[in-house]
Chemist: 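This is the structure, below, for whatever I ask next.
To find a chain, count down the sequence lines: A is the first, B the second, and so on, and within it residues start at 1.
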Number of protein chains: 2
Amino acid sequence: MNDLTDLEGATLAEVARRGTATTYVIANTFAESPSEYWSGSAGAVYPLVRRLTERGYLEAHAASTGKRQRSDYSITPAGRAALTRWLLDADRAAGMGFDPLRTRLLYLDLVSPTEVATLLTEVAKRSERADAPPIFADRPAALCIHRSWWEARRFWLQLISKKPQK
Amino acid sequence: MNDLTDLEGATLAEVARRGTATTYVIANTFAESPSEYWSGSAGAVYPLVRRLTERGYLEAHAASTGKRQRSDYSITPAGRAALTRWLLDADRAAGMGFDPLRTRLLYLDLVSPTEVATLLTEVAKRSERADAPPIFADRPAALCIHRSWWEARRFWLQLISKKPQK
DNA sequence: CACCACATGTAAATGGTTACATGATTCT
DNA sequence: AGAATCATGTAACCATTTACATGTGGTG
């Protein structure tokens, strides 16, 4: 019944999407995410999958090949319920999260207008060529979310470029 | 010369903005941020300010009143340089950060379209009444950033509401 | 078979959250 | 004076990063 962290929620979601998956595959998916937030480091994901299993949200299926043991994981009914709660939590979904550009812009009066302009130009440049990440290639819905997010970002950049100072 | 985390960068920026500040004031500022990302917990900020001081980025000035000692902090030239590097780091500023809605939407195929629609409606409702946070009241530039960010978010919500499924 | 990339972890260090403790100030 | 609130921390716990260790399957 305990709430999930975002990494836990996303992990359950990735397992659910696949039906069954190894920890490695999940970690890799995060590592290839276009957001720097999802590091997908082994040291984070392996222990996390273990914890989710201990809490009864995931179920391990032995799938050894050779000497080394490996596991496939699938989501349990309890896991599915927890995942649904996490996915549909409107309060959390409506939060502002962390935005590296927004954070910096709040302090733009600490550097010269010229420097701010340069920063905005650089960011705009990068947001123009924000390409579709390979992981979403076979997921049209995800691609659509991704693309429209960047469109909204470019829209925002235009808004703040018009009146960069108060 | 080492790079700053975002919490460190924001802390230096807050001190710089004020000229001089106590740890308490900084922590409080974060706690009152409209983003849930900036918890501003004492356990995070007090040790962090101490670390920044040890690294030579902040300077403590004793300012006791009575028995308990307290310190005001100000930024050093080295701190100012590190802050500027952090502020103007275009690569980091151009990152996607963490967005709780975006993350959830990537898995919307795991729940029914009805549930997704409800979620979007709820989030839209909250983003309509996203009001100006009190801390920004006396900072027109920050207010402007904040408002335009929410405007871009509403724009995005419109985009994805048009074609919520692929 | 030697090597290299893929796969599966673990240990130490870092940084943050939660919960607590306690001093100082203001309010009634 | 006692209660509430503001201010300043610390300690234990938890999650994540970084760096390492090792197994395994294919390729020259």
Chemist: Rounded off to whole Å, could you give me the OH-to-P distance for the B/Y46 and D/dC6 pair?
Modeler: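 From B/Y46 OH to D/dC6 P: 13 Å.
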Chemist: By salt bridge (charged side-chain N to carboxylate O under 4.0 Å, His left out), which residues pair with B/D99, not counting sequence neighbours?
Modeler: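 Only B/R153 meet the salt bridge (charged side-chain N to carboxylate O under 4.0 Å, His left out) criterion with B/D99.
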Chemist: Taking only residues two or more places apart in sequence or in another chain, which ones pass side chain to side chain donor-acceptor pair (under 3.5 Å) with B/R92?
Modeler: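 By the side chain to side chain donor-acceptor pair (under 3.5 Å) rule, B/R92 matches B/D6.
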Chemist: Pull out every residue in residues 14-26 of chain B that has a heavy atom closer than 4.0 Å to any atom of DNA chain D, ordered by number, or say none.
Modeler: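 DNA chain D contact set from residues 14-26 of chain B: B/T22, B/Y24.
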Chemist: Could you pull out all residues at least two apart from B/E8 that satisfy side chain to side chain contact (heavy atoms under 4.5 Å, CB included)?
Modeler: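 Partners of B/E8 under the side chain to side chain contact (heavy atoms under 4.5 Å, CB included) test: B/L4, B/T5, B/L48, B/R51, B/L52, B/R55.
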Chemist: Would you mind building the protein contact string for nucleotides 12-17 of chain C? One character per nucleotide, 5' to 3', B for base within reach (heavy atoms under 4.0 Å), S for sugar-phosphate only, - for untouched.
Modeler: ---SSB
Chemist: Under the salt bridge (charged side-chain N to carboxylate O under 4.0 Å, His left out) test, which residues partner A/R18, sequence neighbours left out?
Modeler: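 Salt bridge (charged side-chain N to carboxylate O under 4.0 Å, His left out) check on A/R18 returns A/E14.
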Chemist: Could you give the CG-to-C1' distance, from A/D6 to D/dA15, as a whole number of Å?
Modeler: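 The distance from CG of A/D6 to C1' of D/dA15 comes to 13 Å, rounded to the nearest Å.
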Chemist: For A/T53, check side chain to side chain donor-acceptor pair (under 3.5 Å) against everything at least two apart and list the hits.
Modeler: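 A/T53 satisfies side chain to side chain donor-acceptor pair (under 3.5 Å) with no residue once adjacent residues are dropped.
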Chemist: Let me know the distance between CG of A/N28 and C1' of C/dT8, rounded to the nearest Å.
Modeler: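 Going from A/N28 (CG) to C/dT8 (C1'), I get 12 Å.
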Chemist: According to salt bridge (charged side-chain N to carboxylate O under 4.0 Å, His left out), who are the partners of B/D91, at least two apart in sequence or on a separate chain?
Modeler: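 Only A/R126 meet the salt bridge (charged side-chain N to carboxylate O under 4.0 Å, His left out) criterion with B/D91.
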Chemist: Pair up each side-chain donor or acceptor in residues 130-142 of chain A with any protein partner under 3.5 Å, not counting sequence neighbours, and list the distances.
Modeler:
unit_1 : atom_1 : unit_2 : atom_2 : d
A/R139 : NH2    : B/L106 : O      : 2.5

Chemist: A/T20: what forms a side chain to side chain contact (heavy atoms under 4.5 Å, CB included) with it, not counting sequence neighbours?
Modeler: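 Checked A/T20 against side chain to side chain contact (heavy atoms under 4.5 Å, CB included); matches are A/D72.
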Chemist: Listing time: all N or O pairs from protein to nucleotides 20-22 of chain D that are below 3.5 Å?
Modeler:
unit_1 : atom_1 : unit_2 : atom_2 : d
D/dT22 : O2     : A/R68  : NH1    : 3.1

Chemist: Starting from the C-alpha separation in whole Å, work towards a yes-or-no answer on salt bridge (charged side-chain N to carboxylate O under 4.0 Å, His left out) for A/K125 and A/E122.
Modeler: CA-CA 5 Å; A/K125 213 181 288 177; A/E122 280 303 311; 3.1 Å; yes
Chemist: Please collect all ring-ring contact (aromatic ring centres under 6.0 Å, His included) contacts where either partner lies in residues 7-33 of chain A, sequence neighbours excluded, each pair once.
Modeler: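 Non-adjacent pairs meeting ring-ring contact (aromatic ring centres under 6.0 Å, His included): A/F30-A/W38.
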Chemist: Specify the separation, in whole Å, of atom CD of A/E32 and atom P of C/dA7.
Modeler: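 My rounded result for the distance is 11 Å.
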